[in-house]
Protein chains: 2
Amino acid sequence: MVEKRLYHSVANQILELIDSGVFPTGSRLPGERDLATKFGVSRVAVREAEIALQAQGRIEIKIGSGAYVLDASNKALNGLPKVGPFELTEARALFEAESAALAAPIITDEAIAELEKYINIMSGEVVTDMSADEADEAFHMRIAQSTNNHVIIFVIGNMWKMRTEAAELQTVYKSVCDKDGSHRQDEHTAILNALRNRDPSAARAAMRAHFTRMIEALLVASEEAAYEEVKRKASESRSRFTLTQQLH
Amino acid sequence: MVEKRLYHSVANQILELIDSGVFPTGSRLPGERDLATKFGVSRVAVREAEIALQAQGRIEIKIGSGAYVLDASNKALNGLPKVGPFELTEARALFEAESAALAAPIITDEAIAELEKYINIMSGEVVTDMSADEADEAFHMRIAQSTNNHVIIFVIGNMWKMRTEAAELQTVYKSVCDKDGSHRQDEHTAILNALRNRDPSAARAAMRAHFTRMIEALLVASEEAAYEEVKRKASESRSRFTLTQQLH
DNA sequence: TTCGTAAAATTGGTCACACCAATATTGCGG
DNA sequence: CCGCAATATTGGTGTGACCAATTTTACGAA
């Protein structure tokens with residue numbers, strides 16, 4: 001465990017103490033001077049370590065008070081929270097529907113053409129080096145980009161990363177996608193048509209429908225397979241999302 | 001443009017130079033001693049700034065060689081994108097409205113009570129150690145938490161961070177908030193009432209109205225003051241957002 | 001005793017200076 | 001022109017000091 005820079009080593013030692021429960025979440029860790037003595041390094045090294053940990057969101061440094069351990073329970077290494085498939089899909093349903101509605105009036109013909117291309121790739125009509133999954137992502141991201149809003153692009157991009165990086169989701173999503181290819185195709189086409197007509201309401205509805213059916217497919221998959229964790233969360237989300245749907 | 005800690009300010013100045021193209025991707029930035037002189041701070045401050053930037057994956061520090069700018073395409077993890085006030089507010093209007101609609105049917109009485117408390121803090125009726133701005137954030141975040149959806153909580157929390165961390169936004173927002181205290185109060189009350197009635201549509205509408213008026217206030221502010229950069233972006237967003245509004 | 005406030009101690013923030021180690025550059029000899 | 005050593009540059013670490021924000025302590029008034 002030899003690091004190139006001293007503060008790396010110090011930061012790791014601090015993290016070990018945190019993860020081992022010596023410094024529980026919310027607690028205040030010893031002062032920089034104490035830690036320096038304890039680790040046998042200078043205060044500068046401890047300080048740099050704490051700055052790095054703060055930049056990673058593991059601790060919070062308060063002037064004149066001390067450094068406090070933040071709750072890292074629901075944070076993955078990349079900074080994105082680890083979430084379940086239902087809440088992710090629910091959030092995507094809401095946010096991507098608004099994204100599509102916002103993009104509809106201002107989407108360019110070029111973007112429309114690209115979306116059409118991605119649909120053809122997903123259906124297998126066009127052969128490229130792009131996988132169906134990549135085309136799916138490109139399809140959704142292209143719509144987000146058509147809003148010309150960097151925040152929306154950022155948010156939807158992050159949600160896709162959550163989907164990609166969560167191992168639990170991968171398993172569930174894959175089993176779902178294998179058996180709903182034709183549905184997905186129809187839904188994407190519906191979204192494209194709404195955008196082609198520059199109809200915000202239709203785009204919103206089509207996008208919502210897309211994710212709504214995805215949630216239903218997830219429910220089926222969670223009952224077939226033995227995803228105990230998923231099942232548990234499903235019972236929570238099912239009633240909630242039904243409520244959301246009846247609003248439209 | 002005043003940050004709490006010096007190294008934070010230095011890090012932002014370095015980021016500006018990177019994003020403005022002065023230090024392109026892959027290039028080596030000036031030595032710590034040079035930057036310290038240029039920014040008028042000590043070498044320690046520059047060093048801490050670079051450590052923070054390294055922890056965020058923006059630069060790579062090589063011993064004896066220098067600090068090199070990394071490809072920012074992989075950012076967006078811990079680092080938030082720099083955004084303008086209009087696109088941020090537009091995104092918040094869309095996302096927070098859906099958040100409120102989703103929370104409305106399932107919000108607890110405890111949450112309602114808390115929201116009421118935050119409103120009173122903002123109006124000054126209740127005196128605590130919490131500032132009006134902090135109460136404002138707590139109000140919006142409490143609604144997001146009431147969705148029980150970690151993705152939504154994460155997204156809305158991130159948008160608030162963007163608002164806090166963007167220096168440009170601070171100036172504009174501040175000038176707006178100074179003169180719309182009463183409006184904000186009424187709007188928050190309207191949101192609360194909709195949630196109290198467990199009315200999703202009303203909650204969505206109230207939240208949209210809240211941000212719609214904020215955008216209008218931003219437009220006024222951008223015309224009064226000499227925020228050239230803001231003005232330019234305003235002309236883009238004005239027409240777009242008008243279109244969004246007519247959907248409801 | 002209880003409470004509020006002022007003094008003292010603690011803690012993070014910043015700085016200047018010094019020295020070491022890794023890396024780049026220079027310059028000399030071949 | 002090339003290779004290598006001397007030199008300069010740059011990041012890494014340490015020490016000590018002082019400031020500012022915060023917390024704790026202590027003391028005096030009610």
Side-chain angles (χ1 to χ4, degrees), chain A residues 1-15 17-18 22-24 26-70, chain B residues 1-15 17-18 22-24 26-70 127-131 133-134 164-165 167:
Chain A
M1 189 64 96
V2 179
E3 268 76 23
K4 290 179 180 177
R5 289 167 212 68
L6 228 200
Y7 79 83
H8 271 338
S9 170
V10 174
N12 284 335
Q13 293 185 61
I14 294 176
L15 279 182
L17 292 175
I18 290 176
V22 180
F23 301 139
S27 68
R28 178 187 154 284
L29 30 72
E32 295 178 351
R33 296 167 179 84
D34 289 344
L35 288 177
T37 304
K38 184 190 297 283
F39 293 143
V41 299
S42 74
R43 192 183 154 206
V44 177
V46 173
R47 176 165 182 69
E48 292 176 344
E50 292 193 346
I51 287 176
L53 290 177
Q54 187 181 41
Q56 293 171 13
R58 294 300 305 257
I59 66 176
E60 180 188 5
I61 303 177
K62 293 185 178 180
I63 300 176
S65 176
Y68 297 84
V69 181
L70 292 178
Chain B
M1 169 118 142
V2 178
E3 265 76 22
K4 290 177 182 175
R5 284 165 214 84
L6 226 199
Y7 81 84
H8 199 308
S9 168
V10 173
N12 282 339
Q13 294 185 61
I14 295 176
L15 279 183
L17 292 176
I18 292 176
V22 179
F23 301 139
S27 68
R28 177 187 156 284
L29 17 61
E32 297 178 350
R33 296 168 179 82
D34 289 344
L35 288 177
T37 304
K38 183 191 297 283
F39 293 143
V41 300
S42 75
R43 192 183 153 206
V44 176
V46 173
R47 176 165 181 68
E48 292 176 342
E50 292 192 346
I51 288 177
L53 290 177
Q54 186 180 43
Q56 293 171 11
R58 296 297 307 253
I59 65 176
E60 180 188 3
I61 303 177
K62 293 184 178 180
I63 300 177
S65 176
Y68 297 84
V69 180
L70 258 35
V127 178
T128 66
D129 57 342
M130 183 180 268
S131 71
D133 234 41
E134 289 170 336
T164 304
E165 292 180 4

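Letters go in sequence order (proteins before strands), and every chain restarts at 1.
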Taking only residues two or more places apart in sequence or in another chain, which ones pass side-chain contact (heavy atoms from CB on, under 4.5 Å) with B:V41?
-> B:L6, B:V10, B:F39, B:A45, B:V46
Return the value, rounded to whole Å, for the distance between atom CD1 of B:I51 and atom C1' of C:dT14.
-> 14 Å
Between A:E48 and A:Y68, the residue closer to the 5' end of DNA chain D by nearest nucleotide is A:E48
Given side chain to side chain contact (heavy atoms under 4.5 Å, CB included), test B:H8 with B:Q13 step by step and report yes or no.
-> CA-CA 9 Å; B:H8 199 308; B:Q13 294 185 61; over 6 Å; no
With B:A67, which residues qualify under side-chain contact (heavy atoms from CB on, under 4.5 Å), at least two apart?
-> B:L29, B:E50, B:I59, B:I61
Any residue meeting salt bridge (charged side-chain N to carboxylate O under 4.0 Å, His left out) with A:E48, in chain and number order, not counting sequence neighbours | B:R47
Are any non-hydrogen side-chain atoms of B:K38 and B:R33 less than 4.5 angstrom apart?
-> no
Outer limits of DNA chain D sitting under 4.0 Å from a non-hydrogen atom of chain A, read 5' to 3', are D:dG12 to D:dT23
Do B:R58 and B:L15 touch side chain to side chain, with heavy atoms closer than 4.5 Å?
-> yes
The salt bridge (charged side-chain N to carboxylate O under 4.0 Å, His left out) partners of B:R43 (sequence neighbours excluded) come to B:E32
Write down the protein N/O and nucleotide N/O pairs, taken from nucleotides 8-12 of chain C, whose separation is under 3.5 Å; answer none if there are no such pairs.
residue : atom : partner : partner atom : Å
C:dT11  : OP1  : A:R28   : NH2          : 3.2
C:dG12  : OP2  : A:E32   : N            : 2.9
C:dG12  : O4'  : A:G64   : N            : 3.4
C:dG12  : N7   : A:R33   : NH1          : 3.1
C:dG12  : N7   : A:R43   : NH2          : 3.4
C:dG12  : O6   : A:R33   : NH2          : 3.1

Residue set satisfying side-chain contact (heavy atoms from CB on, under 4.5 Å) with A:S65, at least two apart, ordered chain then number -> A:K62, A:Y68
